[in-house]
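Reckoned from all heavy atoms, side chains included, excluding hydrogens, waters and symmetry mates. Convention: sequence-line order gives letters A, B, ...; per-chain numbering from 1. Note that the coordinates shown come from a computational prediction; the quantities given were computed from them, not determined experimentally.
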Amino acid sequence: MGSAHTALFNWLFARHEGGTFVLRIEDTDPETAKPELVDPIMESLRWLGLNWDEGPDIGGPYGPYRDSERRGLHDEVVERLLREGHAYRCWCARADLDARGVSSGYDRHCRGLTEAQREELSASGKPAAIRFAVPEGRTEVVVQDLIMGEVRTEDLQDRVIVRSDGSPLYMLAVTSDDIAMEITHVIRGADLLPSTPIQVLLTEALGAPLPKFAHVPLILGPDKAKLSKRHGADGILTFRDEGILPETMVNFLALLGWSSPTQDELLTLDRIIKEFTLDRVHSAPSIFDHQKLAWMNQEYIKALSDDDLENRILDIAPDTPADVLHSVIELELIQSRITKLQDVPDAIQYLHQRPAIDPKAVEKWLGTEEAKTTLETVADRLESVDQWKPDNIKSCVQDTIAELGLHRRKGPKPIFVAISGSEAALPLFESIWLLGQEEAVARLRAATSV
RNA sequence: GCCCCCAUAGUGCAGCGGCCCAGCACGCCGCCCUUUCACGGCGGUAACGCGGGUUCGAAUCCCGCUGGGGGUACCA
């Protein structure tokens with residue numbers, strides 16, 4: 001979710017500026033290198049239509065596009081850092097720090113080691129990590145963030161950049177990769193804002209030009225905490241499976257933290273690209289609102305052509321009876337009644353399978369003598385309708401209701417319940433029509449004895 | 001604890017010193033339309049967190065507070 005949002009902003013920015021959108025997998029941690037973690041990311045981006053110009057699957061002039069394959073570069077950079085005094089070996093384990101009462105940050109203990117002490121530790125065979133050395137006397141880093149504005153940090157720590165097993169850490173990898181790949185704009189989640197100063201220092205130490213930074217505000221869950229897997233909303237693919245349209249998702253995500261200068265909300269992709277600028281991204285975190293997503297999705301569904309809608313439903317719900325689906329779409333029965341594609345199978349279920357009648361509906365509409373009379377009468381009349389078409393069914397039912405002296409609105413309710421099994425369903429006359437004369441009559445008769 | 005970011009209705013945004021006793025959208029509540037439910041139409045509800053400044057004038061600038069979030073890892 002969050003990463004899709006950030007990816008979208010990156011993509012929009014690149015497309016608006018005519019730049020290059022690069023997909024690089026940050027898998028310096030073996031844990032995140034697993035395909036089951038990486039594949040969904042690429043699948044999500046593809047689903048959203050966020051095509052990348054360079055990436056692990058398609059290559060590009062600055063490959064490779066997985067950090068795990070760039071180890072050579074990282075090692076070189078570390079060596080240089082060490083040689084030029086911008087980094088140093090550190091033998092402090094977590095336990096050592098705790099013993100010294102260092103709860104956060106680092107006390108630069110190993111930075112002050114003498115040559116002799118270093119040799120000794122080195123010879124002891126105790127593994128050493130490598131820390132970046134914040135330049136002596138440097139007390140502050142100021143970053144001009146394209147979204148957050150001026151960010152001033154005084155808390156500068158000698159962070160570990162290489163594990164004691166020799167493998168590089170994110171901090172080192174991104175920085176050296178961004179330099180090597182000539183990345184001009186780093187647009188990422190605001191959760192990475194605190195790590196920016198050190199990256200700036202690292203870049204400076206390597207004598208490279210700084211990229212522009214833009215930190216996109218985080219998306220929070222309804223509980224206002226950072227969206228995580230635990231919210232179940234993290235996987236963008238679950239939205240696909242529920243039947244949120246990709247164009248809805250893009251439009252919706254774009255509006256989280258950004259707005260069109262026109263204030264319009266239903267926007268085509270072309271317009272979003274044309275209007276998207278970082279200075280219109282605001283810096284406050286936002287909360288994901290499912291209701292608005294649902295509304296927007298319905299708007300997009302209503303705008304779909306019949307064929308398109310039908311195919312998309314079949315795509316995510318292949319078991320939907322195609323004939324019923326086709327009729328229901330052709331008659332425009334379903335479009336305004338669903339919020340996501342996955343609602344459809346349930347909504348039309350009763351049209352191809354006799355439903356158990358909702359007990360609450362039974363109690364409310366079916367038990368009485370009046371209801372029975374209504375059902376029987378209508379069943380009889382319906383049975384003798386010659387031409388089975390909605391108009392005739394409609395007049396048949398309405399005439400009967402009138403003759404029986406029933407309420408125009410409430411009168412047909414028992415019929416509705418008998419046909420659909422519930423109090424809310426697709427329009428009555430079309431439903432009866434689609435069911436066919438025999439089945440419709442049968443359902444009415446069956447409902448007299450519940 | 002320390003560091004950083006943020007702060008307009010329930011939610012998402014607009015506003016970037018006077019056009020704002022604050023606009024739009026979702027939601028919610030009425031009414032209309034209607035064979036149910038929806039769709040649609042009309043109307044309504046609801047916010048500049050607090051306190052100080054600056055200014056002729058502040059939602060807009062500054063400071064403090066409060067609140068929320070993020071970071072504080074040999075994760076990314």
Side-chain angles (χ1 to χ4, degrees), chain A residues 3 25-32 67 90 92-94 103-106 127-131 143 145 147-149 151-157 159-171 173-174 188-197 215 217-220 222 224-226 252 255-266 279-280 282-296 298-299 302 332-339 347 361 365 393-394 397-398 401 408-413 415-417 419-420 422-432:
Chain A
S3 43
I25 307 293
E26 313 272 14
D27 56 354
T28 50
D29 180 7
E31 281 299 303
T32 60
D67 268 350
C90 171
C92 299
R94 183 69 254 172
S103 56
S104 82
Y106 181 59
I130 296 173
R131 287 183 185 272
V143 178
D145 190 277
I147 293 172
M148 295 299 177
V151 179
R152 196 175 284 273
T153 307
E154 294 178 19
D155 180 32
L156 274 11
Q157 297 292 339
R159 298 281 304 260
V160 171
I161 53 175
V162 178
R163 293 187 184 84
S164 46
D165 67 1
S167 62
L169 247 28
Y170 169 77
M171 196 72 75
V174 257
R188 38 145 60 160
D191 50 344
L192 288 167
L193 189 55
S195 74
T196 309
H215 287 88
L218 297 180
I219 301 176
L220 276 23
K224 298 201 171 187
K226 183 180 167 186
F252 183 79
L255 256 22
L256 243 35
W258 175 83
S259 63
S260 158
T262 66
Q263 274 270 73
D264 292 338
E265 300 205 299
L266 261 9
D279 62 299
R280 285 196 66 81
H282 81 163
S283 39
S286 51
I287 293 171
F288 191 88
D289 182 7
H290 286 84
Q291 279 188 311
K292 187 147 186 174
L293 210 218
W295 163 77
M296 189 174 279
Q298 184 175 66
E299 292 299 315
K302 285 193 290 190
E332 307 262 300
L333 264 29
I334 200 80
Q335 286 89 150
S336 69
R337 270 170 262 257
I338 54 167
T339 245
W365 299 106
I393 295 166
K394 180 177 183 181
V397 171
Q398 286 182 334
I401 295 301
R408 195 171 138 265
R409 312 291 285 280
K410 292 179 183 165
K413 237 353 192 167
I415 307 168
F416 190 92
V417 170
I419 293 292
S420 72
S422 74
E423 290 186 81
L426 305 186
L428 179 60
F429 306 125
E430 283 84 353
S431 292
I432 295 177

Output one line per pair: protein atom, nucleotide atom from nucleotides 41-47 of chain B, and distance, for all N/O pairs under 3.5 Å.
none

Which whole number of Å gives the distance between the [atom1] atom of [N] and that of [M]?
N     : M     : atom1 : result
B:G23 : B:A14 : C1'   : 7 Å
B:U45 : B:C62 : P     : 34 Å
B:G67 : B:C74 : P     : 30 Å
B:A25 : B:A47 : C1'   : 15 Å

**Study point:** Watson-Crick or G-U wobble mate for B:C37, both contacts under 3.5 Å
**Key:** none

Exercise for review: Report the base-pairing partner of B:G67 (Watson-Crick or G-U wobble, both distances below 3.5 angstrom), or none.
Suggested key: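 When the pairing criteria are applied, B:C6 turns out to be the nucleotide that pairs with B:G67.
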
Taking only distance into account, with no hydrogens and no angle test, what donor-acceptor pairs under 3.5 Å do side-chain atoms of residues 332-339 of chain A form with protein atoms, sequence neighbours excluded?
| unit_1 | atom_1 | unit_2 | atom_2 | d |
| --- | --- | --- | --- | --- |
| A:R337 | NE | A:L333 | O | 2.7 |
| A:R337 | NH2 | A:L333 | O | 3.3 |

Heavy atoms under 4.0 Å, any strand shown: does [X] hit a base, just sugar-phosphate, or nothing?
X      : result
A:L266 : nothing
A:H215 : nothing
A:G411 : nothing

Check your understanding: Between A:L428 (CG) and B:U34 (P), how many Å, whole number?
Key ->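 That distance rounds to 16 Å.
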
Presence of [X] side-chain N/O under 4.0 Å of [N] phosphate oxygens OP1/OP2:
X      : N     : answer
A:Q263 : B:A25 : no
A:K302 : B:G40 : yes
A:S259 : B:A14 : yes
A:H282 : B:A14 : yes

**Study point:** Exam field: side chain A:Q157 to backbone A:Y106, donor-acceptor pair closer than 3.5 Å
**Key:** yes

Practice item. Give a yes or no answer on whether the side chain of A:S422 reaches the backbone of A:A424 with a donor-acceptor pair at less than 3.5 Å. Key: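 Yes; at least one donor-acceptor contact below 3.5 Å.
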
Review point. Which residues satisfy the side chain to side chain donor-acceptor pair (under 3.5 Å) test with A:S431, sequence neighbours excluded?
Key: A:Y350

Exercise for review: Could you pull out all residues at least two apart from A:D191 that satisfy side chain to side chain donor-acceptor pair (under 3.5 Å)?
Suggested key: A:K226

**Study point:** Toward the 5' end of RNA chain B, by each residue's nearest nucleotide, A:R337 or A:K292
**Key:** A:K292

Exercise for review: Sugar-phosphate atoms are those with a prime plus P, OP1 and OP2; base atoms are the rest. Using that split, label each nucleotide of nucleotides 63-68 of chain B B, S or - for protein heavy atoms under 4.0 Å, 5' to 3'.
Suggested key: ------

Going by side-chain contact (heavy atoms from CB on, under 4.5 Å), name the residues that satisfy it together with [X], two or more places apart in sequence or in a different chain.
X      : result
A:T196 : A:V143, A:R188, A:L193, A:V200, A:F213, A:H215
A:R408 : none
A:L169 : A:V160, A:R163

Check your understanding: With A:K394, which residues qualify under salt bridge (charged side-chain N to carboxylate O under 4.0 Å, His left out), at least two apart?
Key ->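 With neighbours one apart ignored, the set is empty.
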
**Study point:** Any residue meeting salt bridge (charged side-chain N to carboxylate O under 4.0 Å, His left out) with A:E430, in chain and number order, not counting sequence neighbours
**Key:**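 None.
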
Distances under 3.5 Å only, N/O to N/O: pair up the protein atoms with those of nucleotides 74-76 of chain B.
| unit_1 | atom_1 | unit_2 | atom_2 | d |
| --- | --- | --- | --- | --- |
| B:C74 | O2 | A:S164 | N | 2.8 |
| B:C74 | O2 | A:S164 | OG | 3.0 |
| B:C74 | N3 | A:S164 | OG | 3.0 |
| B:C74 | N4 | A:C92 | O | 3.1 |
| B:C75 | OP1 | A:R163 | NE | 3.4 |
| B:C75 | OP2 | A:R163 | NE | 2.7 |
| B:C75 | OP2 | A:R163 | NH2 | 3.0 |
| B:C75 | O2' | A:D29 | OD2 | 2.4 |
| B:A76 | OP1 | A:T28 | OG1 | 2.3 |
| B:A76 | OP1 | A:D29 | N | 3.1 |
| B:A76 | OP2 | A:Y170 | N | 3.0 |
| B:A76 | O3' | A:E26 | O | 2.9 |

Report all interatomic pairs (protein N or O, nucleotide N or O of nucleotides 28-33 of chain B) with separations under 3.5 Å.
none

